[in-house]
Chemist: 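Sharing a structure with you now.
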2 protein chains.
Amino acid sequence: MRTDDTSGRTAYGSGRVTAPRRLIASTASQLNRAFTIDELADAVRDTDPRHAATATVYRAVAAMEASGFLVRVGQRDGATLFARCGDSARHHHHVVCDSCGKIAHAACPLPEVESGHTAGFIITRHEVTLYGLCPACAAGGGSD
Amino acid sequence: MRTDDTSGRTAYGSGRVTAPRRLIASTASQLNRAFTIDELADAVRDTDPRHAATATVYRAVAAMEASGFLVRVGQRDGATLFARCGDSARHHHHVVCDSCGKIAHAACPLPEVESGHTAGFIITRHEVTLYGLCPACAAGGGSD
DNA sequence: GTGTATGCAAACTGTTTGCATGGAC
DNA sequence: GTCCATGCAAACAGTTTGCATACAC
């Protein structure tokens, strides 16, 4: 299936599409799992060592997050985990495989609490992240 | 009500109880809200400027988290938010007031997902944090 | 031609660690 | 007396920013 427009239009919205940005967006899509910025930068340099300084990747990721192309799905060792998520219209969360980084959608478990009340508090936002093992890693013993 | 043993025994479990640690635990309890380590360190130095170097506070907080005296309840500007939570026996989460930092318990909204399955994944752990406004801040317009 | 993205390096922030000293037990 | 906690400062990792140059539009 081909659900990602890696030309850059989808990834960066109204921002400019440059060679490094195209490569970064394409790499992020092809990773097909949750990744840290550092991992993404490594993968990009794997394709083209001349491109994508760390700062550029950070800025590109920020732009892609702003456009909804990427979402942050959790943390790992203090670093933010991002992932490509095509379904930005429907509110949901993500499950991250601790072993291979694969992600899946998870319905929001806060049907009534969402934008509602808890202990008298007015809830304005919430963060839900699930971690575990994907079917493949659960069956295979954890290796990728 | 006096629910906190600030002598240090409860806070540090089997660890040693020193003057700085006692002060740190006592201050953490008295804050009565979510705080970053930096805020806690400031509050401690407010009482005794000679005690509690940053590293000491970090180590004391780590010890108190290990003993269950403190729990991490979220993040703020990249820093970890901690809070005193006396109910470590029952699994639950917390609501943090974005305005004054006050916290309240929140029931875990993952009754079936918890230690269960989602999209074929085996869920091993989850993080849920709610942010909003406490009753006082919601009524008073947001000031503490 | 204008303005934004790049790349490099320095700066920043939250957090951790090494080491010699002091104090809890 | 032994071992852990302290304090200071340096080290560290992730992330952000300043600035001159290159390129998308």
Side-chain angles (χ1 to χ4, degrees), chain A residues 5-28 34-45 47-67 69-70 72-82, chain B residues 5-28 34-45 47-67 69-70 72-82:
Chain A
D5 165 24
T6 53
S7 73
R9 241 177 311 130
T10 301
Y12 299 101
S14 58
R16 291 190 180 173
V17 179
T18 63
R21 283 193 157 197
R22 208 176 337 246
L23 178 56
I24 293 168
S26 156
T27 304
F35 53 82
T36 64
I37 302 229
D38 210 53
E39 291 171 348
L40 175 58
D42 278 346
V44 169
R45 294 189 199 105
T47 301
D48 187 340
R50 306 206 172 288
H51 274 159
T54 304
T56 301
V57 180
Y58 270 94
R59 285 187 272 231
V61 167
M64 290 190 283
E65 189 191 4
S67 80
F69 187 78
L70 293 184
R72 55 186 75 200
V73 296
Q75 301 255 128
R76 184 162 62 213
D77 299 323
T80 306
L81 285 177
F82 290 90
Chain B
D5 165 24
T6 53
S7 73
R9 243 176 310 129
T10 301
Y12 300 100
S14 57
R16 290 189 181 173
V17 179
T18 63
R21 284 193 156 194
R22 209 177 333 249
L23 178 55
I24 293 169
S26 157
T27 305
F35 53 82
T36 63
I37 301 228
D38 210 52
E39 290 170 349
L40 175 58
D42 278 346
V44 169
R45 295 190 198 106
T47 301
D48 187 340
R50 306 207 173 287
H51 274 159
T54 303
T56 301
V57 180
Y58 270 93
R59 285 187 272 230
V61 167
M64 289 190 283
E65 190 192 3
S67 80
F69 187 78
L70 294 184
R72 54 186 77 199
V73 295
Q75 302 255 128
R76 184 161 63 212
D77 300 323
T80 306
L81 284 177
F82 290 89

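Letters go in sequence order (proteins before strands), and every chain restarts at 1.
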Chemist: For the OG1 atom of A:T80 and the OH atom of A:Y58, what is their distance to the nearest 0.5 Å?
Modeler: 7.5 Å

Chemist: Please report the shortest heavy-atom distance between B:G13 and B:S67, naming the atom on each side.
Modeler: N-CB, 4.0 Å

Chemist: Kindly give the heavy-atom pair with the smallest separation between B:Y12 and B:R21, and that separation in Å.
Modeler: OH-O, 2.7 Å

Chemist: So, does A:T56 get its side chain near the phosphate of C:dG7, meaning an N or O under 4.0 Å from OP1 or OP2?
Modeler: yes

Chemist: What is the distance, to the nearest angstrom, from the CG atom on A:D48 to the P atom on C:dG7?
Modeler: 9 Å

Chemist: For a quick test of reading the model, state the closest non-hydrogen atom pair linking A:A52 to A:V57 and the distance between them.
Modeler: CB-CG2, 3.9 Å

Chemist: Taking all heavy atoms of A:L23 and all of A:T27, pick out the closest pair and write down the distance.
Modeler: O-OG1, 2.7 Å

Chemist: Give a yes/no answer on whether the side chain of A:T18 brings an N or O atom under 4.0 Å of OP1 or OP2 in C:dT6.
Modeler: yes

Chemist: Checking B:R45 against B:T54: is there a side-chain donor and acceptor pair closer than 3.5 Å?
Modeler: yes

Chemist: What nucleic acid atoms does B:T80 come within less than 4.0 Å of, heavy atoms only: base, sugar-phosphate, or nothing?
Modeler: sugar-phosphate

Chemist: Without decimals, in angstroms, what is the distance between A:D77 CG and C:dT16 C1'?
Modeler: 14 Å

Chemist: Measure the distance from CZ on B:R59 to P on C:dC19 and round it to the nearest whole Å.
Modeler: 13 Å

Chemist: Please figure out whether B:A60 or A:R76 has its closest DNA chain D nucleotide nearer the 5' end.
Modeler: B:A60

Chemist: Reading DNA chain D 5' to 3', which nucleotide is the first, and which the last, to come under 4.0 Å of any heavy atom in chain B?
Modeler: D:dC3 to D:dA9

Chemist: Of B:R16 and B:Y58, whose closest DNA chain C nucleotide lies nearer the 5' terminus?
Modeler: B:Y58

Chemist: Between C1' on C:dG7 and CZ on A:R21, what's the gap in Å once rounded to a whole number?
Modeler: 14 Å

Chemist: Need one value for A:A52: base, sugar-phosphate or nothing, where a base atom within 4.0 Å counts as base even if backbone is also close, heavy atoms only.
Modeler: sugar-phosphate

Chemist: Classify the nucleic acid contact of A:A55 as base, sugar-phosphate or nothing, counting any heavy atom under 4.0 Å across all strands shown.
Modeler: base

Chemist: Identify the two heavy atoms, one from B:R76 and one from B:T36, that lie closest to each other, and give their separation to 0.1 Å.
Modeler: NH2-CG2, 4.3 Å

